[in-house]
Amino acid sequence: MEERFDCIVVGGGIAGLSAAMVLARANKRFLLIERGEFCGAKNVSGGVLWGSDLERLVPGYSTDADAGFERFVGHRRLTFLDDQSSFSLDFKSGHFHETPFSGVIVLRARFDEWLATKVQEAIDASSVADESFLATNVLVDRVIQEDGRVTGIQAGEEQFFADCVILAEGVNNLLTRQVGLQPDYVPADHVAVGVKEVIGLDRTVVEERFQLDGLAGMTNEFVGYATAGVEGGGFLYTNRESVSIGLVLGMKDLREKRVKPYDILNDFKSHPAVADTLRGGEVLEYSAHVVSTGDMGSMPKQLYGDGVLVVGEAGHLLMNSGRAIQGMDYAMRSGILAAETVVEAAADVDFSSSSLRRYEQALEASFVMKDLKGFQDAVHLLHDPIMYEKMPAVLCDFGRSFFTVESEPTEKAIKSFRKAAKKHLTTWELVRLSAKAAKSL
Ligand SMILES: Cc1cc2nc3c(=O)[nH]c(=O)nc-3n(C[C@H](O)[C@H](O)[C@H](O)COP(=O)(O)OP(=O)(O)OC[C@H]3O[C@@H](n4cnc5c(N)ncnc54)[C@H](O)[C@@H]3O)c2cc1C
């Protein structure tokens with residue numbers, strides 16, 4: 001007998017699991033397929049999950065000591081590096097301690113697996129508990145289409161059919177390409193490589209070294225020397241008993257400069273501002289993953305078709321505007337909106353692309369597309385060598401002058417800043433940067 005579901009979700013990352021939670025709560029019969037041994041097994045993320053959608057999916061998670069996050073964001077720092085100095089913007093505030101938290105630091109293997117258990121609980125509580133499944137260790141090979149309409153998926157010899165398929169397969173979106181929504185060619189300057197190490201430290205060492213109170217954690221992003229002249233940035237996030245440290249590096253620039261991400265990461269780790277924080281730590285894990293840059297030029301031409309919806313990074317929904325990397329919160333919101341669309345389409349018994357278009361409209365009205373569109377200039381600004389090469393040098397030179405006290409008459413700050421800017425930037429670059437920054441940030 002043909003296996004038929006209301007919906008099939010391909011991918012058990014954050015986007016897929018968020019969609020699954022909404023489907024389970026709406027008593028829909030669905031099949032979620034994840035190729036990893038368990039949800040999260042294949043996933044890499046720095047990472048901070050921003051926003052309050054997690055509270056919508058798992059109400060009260062912040063007071064659950066066993067919830068899947070490592071720490072909540074209680075302290076943020078943005079650091080500009082040259083070869084020996086660091087200049088930081090640092091922000092710590094009591095408001096970060098209010099629940100729901102504005103961001104939680106996660107290790108994906110643990111977080112996704114925990115979220116999957118919450119989805120399973122929602123399935124068990126639904127009226128179709130025996131008819132919805134989370135299937136792991138299964139690779140979806142292809143999407144089945146009949147007369148241009150998506151009707152199911154094939155995994156090995158097995159075929160499964162549904163009214164709608166949600167593609168939540170992440171950035172290597174082979175199935176999204178297969179159904180013709182994404183062109184085969186994504187320019188190399190629209191994708192980056194993320195490399196990350198998890199470095200183990202005793203819990204007390206993490207808390208004392210980073211001055212953390214309870215489950216509060218720190219996020220630190222880095223610009224400048226961290227990437228050795230390659231477009232991109234670095235990050236360090238505190239977990240319960242480890243720190244995640246890594247880089248996101250532009251693919252095209254890496255190729256052109258013929259440098260290896262791992263060598264750059266090692267140099268970054270030995271910078272005086274970073275080495276001190278890692279002292280005595282042991283590398284527990286190393287991972288690498290492709291990541292979108294947030295340039296909308298890499299997005300599929302549309303995120304819906306007859307019988308199909310594309311969510312999360314499969315749709316290149318990610319943004320790095322300089323304030324934070326936002327990929328997981330976009331994955332979560334898009335997964336929720338796609339599943340809500342499926343529920344509405346089921347009520348109308350219409351899964352045509354004109355009915356599923358509602359998903360794109362809901363996404364347009366949400367913070368995801370509003371921010372992606374509103375901050376494209378900022379995304380492009382971060383790709384400008386002035387930002388990742390010259391600005392850090394200006395700020396570190398200024399910092400050296402501002403924070404050094406000598407037995408000489410002290411220079412006014414504005415004069416020190418002008419001197420530092422003049423040393424590294426032409427007047428034209430300074431004007432261009434000020435105009436771009438004012439417009440984009
Ligand atoms: C180094 C790094 C740091 C990052 N830091 C942050 C951060 O701090 N904050 C943030 O918000 N974002 C961050 N991101 C981005 C974030 O990780 C992604 O945007 C997010 O994981 C996207 O979620 P997703 O569910 O769409 O895709 P994924 O998390 O990639 O999940 C896709 C899932 O689909 C499965 N799959 C794929 N193909 C198939 C198939 N054919 N059959 C079955 N299963 C399949 C995969 O195994 C995977 O589990 C970072 C990314 C990297 C690489």
Side-chain angles (χ1 to χ4, degrees), residues 8-20 31-51 53-54 70 73 76 103-109 111-113 115-116 134-143 153-156 165-178 191-198 219-221 232-237 244-249 261 265 286-294 303 310-320 323-335 338 368:
I8 292 171
V9 182
V10 181
I14 289 186
L17 289 168
S18 304
L31 171 65
L32 179 146
I33 305 183
E34 164 57 42
R35 69 184 167 152
E37 244 175 90
F38 57 91
C39 291
K42 300 265 183 196
N43 294 333
V44 174
S45 192
V48 183
L49 167 60
W50 295 104
D53 278 348
L54 182 56
E70 291 292 306
V73 175
R76 296 205 63 195
V104 287
I105 300 169
V106 299
L107 287 170
R108 292 292 298 278
F111 180 78
D112 291 15
E113 199 179 19
L115 193 55
L134 303 182
T136 53
N137 231 347
V138 180
L139 175 76
V140 173
D141 297 308
R142 75 177 184 98
V143 174
I153 57 95
Q154 175 147 0
V165 173
I166 296 180
L167 296 176
E169 56 183 332
V171 65
N172 295 325
N173 53 3
L174 299 176
L175 303 174
T176 306
R177 288 159 202 242
Q178 196 207 313
V191 278
V193 181
V195 287
K196 187 189 107 173
E197 282 183 1
V198 177
T219 70
N220 196 167
E221 281 86 20
F235 57 83
L236 185 152
Y237 302 128
S244 297
I245 180 157
L247 298 167
V248 174
L249 301 163
L265 182 58
Y286 173 79
S287 47
H289 206 277
V290 174
V291 60
S292 319
T293 58
L303 297 171
V310 181
V311 297
E313 229 186 314
H316 283 262
L317 298 175
L318 181 136
M319 190 174 69
N320 182 5
R323 295 181 193 204
I325 304 180
Q326 290 179 263
M328 290 188 270
D329 54 339
Y330 287 13
M332 194 164 263
R333 177 58 69 92
S334 60
V368 176

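Every value quoted in this text rests on a predicted model; they were computed, and no experiment measured them. Side-chain atoms are counted along with the backbone in the values below, which use heavy atoms only and exclude waters and symmetry mates. In each ligand, atom 1 is the first atom listed, and ligand 1 is the first ligand listed.
Against a heavy-atom cut-off of under 4.0 Å, Leu318 is close to the following atoms of ligand 1: 15 (C), 19 (O). Listed by number with element, the atoms of ligand 1 under 4.0 Å from a non-hydrogen atom of Gly47 are 7 (C), 8 (O). In the vicinity of Gly312, heavy-atom distances shorter than 4.0 Å reach the ligand 1 atoms 26 (O). Proximity to Ala331 (heavy-atom distance under 4.0 Å) selects the following atoms of ligand 1: 23 (O), 26 (O). Within the listing of ligand 1, atoms 17 (O), 20 (C), 21 (O), 29 (O) sit less than 4.0 angstrom from a heavy atom of Arg108. The atoms of ligand 1 that sit less than 4.0 Å from any heavy atom of Leu139 are 40 (C), 41 (N), 42 (N). Near Lys42, the atoms of ligand 1 lying under 4.0 angstrom from a non-hydrogen atom of the residue are 47 (O). Of all atoms in ligand 1, listed by their number and element, those nearer than 4.0 Å to a heavy atom of Gly13 are 25 (O), 31 (O), 33 (C), 49 (O).
The salt bridge (Lys or Arg N to Asp or Glu O under 4.0 Å) check on Glu70 picks up Arg110, with sequence neighbours excluded. For Arg76, the salt bridge (Lys or Arg N to Asp or Glu O under 4.0 Å) test picks out Glu221, with sequence neighbours left out.
Contact annotation for Ala15 and ligand 1: heavy atoms of both the backbone and the side chain come within less than 4.0 Å of the ligand. By the criterion of a heavy-atom distance under 4.0 Å, the backbone of Gln326, and not its side chain, is placed next to ligand 1.
In terms of polar-atom proximity, defined here as any N/O pair under 3.5 Å, Leu317 makes no such contact with ligand 1. At least one N/O-N/O distance between Arg35 and ligand 1 falls below 3.5 Å. Ligand 1 has a nitrogen or oxygen under 3.5 angstrom from a nitrogen or oxygen of Ile325. An N or O contact shorter than 3.5 Å links Glu313 to ligand 1 by distance. For Asn43, a nitrogen or oxygen atom sits less than 3.5 Å from a nitrogen or oxygen atom of ligand 1, counting backbone and side chain alike.
For Ser334 (side chain) and Gly312 (main-chain N/O), a donor-acceptor pair under 3.5 Å exists by modelled atom type. A donor-acceptor distance shorter than 3.5 angstrom exists from the side chain of Gln154 to the backbone of Gly156, with no hydrogens or angles considered.
Counted by atom type alone, Ser244 and Glu197 present zero donor-acceptor pairs between their side chains at under 3.5 Å.
Looking at Met328, Glu221, Gln178 and measuring to atom 16 (C) of ligand 1, the nearest heavy atom belongs to Met328. Summarising the contacts of atom 42 (N) of ligand 1 with Val290, Val140, Ile105, Thr219, the nearest heavy atom is found in Val140. Compare Asn172, Val291, Val138, Val48 by their heavy atoms: the one nearest to atom 8 (O) of ligand 1 is in Val48. Here atom 38 (N) of ligand 1 lies nearest to Glu169 when heavy atoms of His316, Glu34, Glu169 are compared.
Taking the side chain as every heavy atom from C-beta outward, Leu31 and Ile33 approach each other to under 4.5 Å. Side-chain contact between Met319 and Tyr330 is present, with heavy atoms from C-beta onward closer than 4.5 Å.
The shortest separation from a heavy atom of Ala168 to ligand 1 is under 4.0 Å, placing the residue in contact.
What you find for Val248 and Phe235 is that their closest heavy atoms are CG2-CE2, 4.2 Å. Shown here for Ala338 and Val311, the closest heavy-atom pair between the two residues is CB-CG1, 3.3 Å.
Note that OG of Ser18 and CE of Met332 are 4.0 Å apart. Values are rounded to the nearest 0.5 Å. Between Lys42 atom NZ and Asp112 atom CG the span is 13.5 Å, to the nearest 0.5 Å.
Within a 6.0 Å sphere centred on CZ of Arg177, heavy atoms belonging to other residues, nucleotides or ligands number more than 12.
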